[in-house]
A.B. asks: 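Let me give you the structure first, and then I'll get to my questions.
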Amino acid sequence: MKKISKYQGKKVLVMGFGISGINAAHLLVKLGATVTANDQQTPKDPKVVADLENDGIKVITGSNPVSLADEGFDIVVKNPGIPYDNPLVAKFVEQGTPIITEAELGWEIFDGHLVSVTGSNGKTTTTTLTQLMLAKSSSHNVKYAGNIGVSFSKVAEGMGPDDTLVTELSSFQLLGCPTIHPHIAIITNIFSNHLDYHKTRENYINAKLNITRNQTKDDFLIMNWDRDEWQEIARRSQATIVPFSRLNKSHEGAYEEDGMICWRGEQIMKASDIRLIGPQNVENALAAIAAAKLSGVSNEDIISVLTTFGGVRHRLQYVMEYQDRLFYNDSKSTDIEATEVALQGFDRPVILLAGGLDRGYTFERLVPYFKKHVKAIIVFGQCKDKMKDAAKQAGIPTILESENAITAVPAAWEVSEPGDVILLSPANASWDQFPSFEARGDRFIEAVEKLTNQKEK
């Protein structure tokens, strides 16, 4: 951990009691700040508040009082999910009070080698693959943190100058990271996500580009080269650009050519030997390979990771095979693009479980993927009627409604045959029925296990 004096004697407000917010509050006390912690909800576990207060932190729960803006805070550390039009946050913006996220605090105390990953889809898998590859060939600590569910600042506290941290960073986090400076940055792709938060696509792109804003020509930006727009976005960086391309559009970095995974003219392995399924995971592998090769990782270590790593939970996660049906949990597919790429990963007929929070859009874009891959669909949630409309346009012969992703499991089994894939890939957020996509995926797995156990009896 790097010793810094920036927060010594400063008055800091931490907004949000997530894991990262709580860790940030305790860290700021260690750094000499006077800390107030605020959350709109009152934690169910009273120990959360007690631990903060025992560390000398003033705690305010149950609302975000706008009056806090009048208390003279020097800086605000905001939970990334709290929007900037929140009345209290908006007041700080109006006053010109600096607002950062916990990831920026983590960067400020980090004393090692930083690799950072962002993008609309594939962040977690790419982060995990990169960490595994770098750890294979390093005698020092190589860890991951950030949006992957592990507090950046907490991990950074325990790392030294020879260690490497691979961080997954969301657009929400990056908006509050004015000085972050990874030596290697990865942008997996950029679609049109979270426009309810960012308001415009250009705002969203600019948030993503904060990952490379402070890079120089001595740093590297690894960028998906398969769309002209992404190539143009990459050129807005001052870093040395390293492309990756599943569509063989550049040989300057990592790419797939004639079924082989290559790095700058050197063949590494067959794409078909990657254990993770689907074209999106070839892209994730290429991005990770680029970071690994720039870091001196051997082909043998790269191959070892790619032929053994079975996937991240909730991201096209293989659950089990039962009576020649394959079950996959892709609950993380909370947008149309993610479900598109998930469907392309299968050459077996798919029984799709889809639906969730209605964000106002329709699903015509999925029609060609439905036609090619889906033999039956079980829809649920607020947007089920819109999903049914797309399924009808695609001519799917079996279209069923169910209450949710759990009740859809036995319904899917009833219409399945040997050789089918039963896939949860909702194309929508979970918040109409579940607190998170993780909760939705966990409940789906439980339902699959319950179903197969009952069939065994």
Side-chain angles (χ1 to χ4, degrees), residues 15-16 18 20-21 40 78-86 89-90 93 99-104 116-127 146-149 152 167-178 180 185-213 223-224 227 229-230 233 236 280 284 314-315 330-342 354-363 365-366 381-383 386 425-441:
M15 292 185 65
S20 61
Q40 198 165 28
K78 180 184 74 67
N79 181 288
I82 301 173
Y84 285 81
D85 56 9
N86 171 287
V89 178
V93 171
I99 301 172
I100 65 170
T101 57
E102 178 265 350
E104 172 74 5
S116 293
V117 181
T118 196
S120 298
N121 295 319
K123 295 186 294 295
T124 299
T125 300
T126 301
T127 299
N147 195 54
I148 201 166
F152 187 160
T167 55
E168 176 187 331
L169 299 174
S170 70
S171 58
F172 302 163
Q173 289 172 307
L174 285 166
L175 269 177
C177 291
I180 197 165
I186 300 172
I187 300 179
T188 59
N189 45 56
I190 299 182
F191 297 109
S192 293
N193 290 6
H194 307 302
L195 298 191
D196 51 341
Y197 186 103
H198 293 288
K199 309 307 180 188
T200 69
R201 177 171 170 77
E202 186 59 24
N203 287 345
Y204 177 59
I205 291 170
N206 284 331
K208 290 294 190 189
L209 284 174
N210 275 353
I211 201 170
T212 186
R213 197 78 64 192
M223 186 74 177
N224 194 324
R227 293 195 182 187
E229 182 201 23
W230 297 342
I233 289 171
R236 290 157 67 174
Q280 79 281 12
N284 297 334
H314 309 301
R315 292 157 177 85
D330 193 35
S331 184
K332 180 62 171 68
S333 282
T334 57
D335 56 47
I336 292 172
E337 290 87 359
T339 296
E340 287 176 354
V341 295
L357 183 72
D358 190 345
R359 283 174 159 163
Y361 50 72
T362 55
F363 301 95
R365 276 182 49 191
L366 286 170
Q382 290 180 355
C383 68
K386 293 178 179 178
S425 187
N428 293 274
S430 61
W431 301 318
D432 58 333
Q433 296 179 319
F434 300 93
S436 64
F437 73 82
E438 293 97 338
R440 178 172 62 188

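Being a predicted model, the structure only gives us computed values, none of them experimental.
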A.B. asks: Taking all non-hydrogen atoms of both residues, which atom of Lys208 and which atom of Gly119 are closest, and how far apart?
C.D. replies: NZ-O, 3.0 Å
A.B. asks: Show, in sequence, the C-alpha distance, side-chain angles and deciding distance for Asn428 and Tyr361, and conclude whether the side-chain contact (heavy atoms from CB on, under 4.5 Å) test is met.
C.D. replies: CA-CA 10 Å; Asn428 293 274; Tyr361 50 72; 4.0 Å; yes
A.B. asks: So, do Tyr204 and Lys199 sit near enough that their side-chain heavy atoms are less than 4.5 Å apart?
C.D. replies: no
A.B. asks: Run through Thr118, Ile187, Val117 and flag the one making a side-chain contact (heavy atoms from CB on, under 4.5 Å) with Thr126.
C.D. replies: Val117
A.B. asks: For the residue pair Cys177 and Asn210, establish whether any side-chain heavy-atom pair is separated by less than 4.5 Å.
C.D. replies: no
A.B. asks: So, Lys78 side chain and Ile82 main chain: donor-acceptor pair closer than 3.5 Å or not?
C.D. replies: yes
A.B. asks: Could you tell me whether the side chain of Asn203 reaches within less than 4.5 Å of the side chain of Tyr197, counting heavy atoms only?
C.D. replies: no
A.B. asks: Applying side-chain contact (heavy atoms from CB on, under 4.5 Å) to Asn224 and Thr188, what does each step give before you reach the verdict?
C.D. replies: CA-CA 6 Å; Asn224 194 324; Thr188 59; 5.9 Å; no
A.B. asks: Quick one: does Glu438's side chain get under 4.5 Å of Lys332's, heavy atoms only?
C.D. replies: no
A.B. asks: Any side-chain heavy atom of Leu175 within less than 4.5 Å of one from His198?
C.D. replies: yes
A.B. asks: Working to the nearest 0.5 Å, report the span between OG of Ser116 and CD1 of Ile211.
C.D. replies: 5.0 Å
A.B. asks: Rounded to the nearest 0.5 Å, what's the gap from CG on Leu174 to OG1 on Thr167? Could you check?
C.D. replies: 8.5 Å
A.B. asks: Can you tell me if Thr125 uses its side chain to pair, donor with acceptor, with the backbone of Asn284 under 3.5 Å?
C.D. replies: no
A.B. asks: Under a plain distance cut-off of 3.5 Å, with no hydrogens placed, do Asn206 and Arg201 share a side-chain donor-acceptor pair?
C.D. replies: no
A.B. asks: Got Gln433 and Arg440 here, is their nearest side-chain heavy-atom distance under 4.5 Å?
C.D. replies: no
A.B. asks: Which class fits the ring pair Trp230 and Phe191: parallel under 30°, tilted 30 to 60°, perpendicular over 60°?
C.D. replies: perpendicular
A.B. asks: Output yes when Arg236 and Glu202 qualify as a salt bridge under the 4.0 Å nitrogen-oxygen rule, no when they do not.
C.D. replies: yes
A.B. asks: Any sub-3.5 Å donor-acceptor pair from Gln382's side-chain atoms to Asp358's backbone N or O?
C.D. replies: yes
A.B. asks: Just jot down the salt bridge (charged side-chain N to carboxylate O under 4.0 Å, His left out) partners of Arg227, sequence neighbours excluded, or say none.
C.D. replies: none
A.B. asks: Would Ser331 and Phe434 satisfy side-chain contact (heavy atoms from CB on, under 4.5 Å), going step by step from the backbone distance to the final call?
C.D. replies: CA-CA 11 Å; Ser331 184; Phe434 300 93; over 6 Å; no
A.B. asks: Write down the atom of Thr339, the atom of Pro426, and the distance for their closest heavy-atom approach.
C.D. replies: OG1-C, 4.1 Å
A.B. asks: Answer whether the closest heavy-atom distance between the side chains of Met15 and Thr101 falls below 4.5 Å.
C.D. replies: no
A.B. asks: Shortest non-hydrogen contact from Ser425 to Ala354?
C.D. replies: O-CB, 3.9 Å
A.B. asks: What distance do Ser192 atom OG and Asp335 atom CG have between them, rounded to the nearest 0.5 Å?
C.D. replies: 10.0 Å
A.B. asks: Side-chain donor-acceptor pair under 3.5 Å between Arg315 and Thr124, yes or no?
C.D. replies: yes
A.B. asks: Give me the atom names and distance for the closest heavy-atom approach of Gly16 to Asn79.
C.D. replies: CA-CB, 4.1 Å
A.B. asks: Flag the pair Phe437 / Trp431 as yes when their ring centroid distance falls below 6.0 Å, and as no otherwise.
C.D. replies: no
A.B. asks: Any side-chain heavy atom of Ile180 sitting closer than 4.5 Å to one from Arg213?
C.D. replies: no
A.B. asks: Checking His194 against Ser171: is there a side-chain donor and acceptor pair closer than 3.5 Å?
C.D. replies: no
A.B. asks: Indicate yes or no for a side-chain donor-acceptor contact from Asn189 to the backbone of Asn121 under 3.5 Å, with no hydrogens or angles considered.
C.D. replies: yes
A.B. asks: With sequence neighbours left out, what residues match Asn147 under side-chain contact (heavy atoms from CB on, under 4.5 Å)?
C.D. replies: Lys123, Glu168, Ser170, Gln173
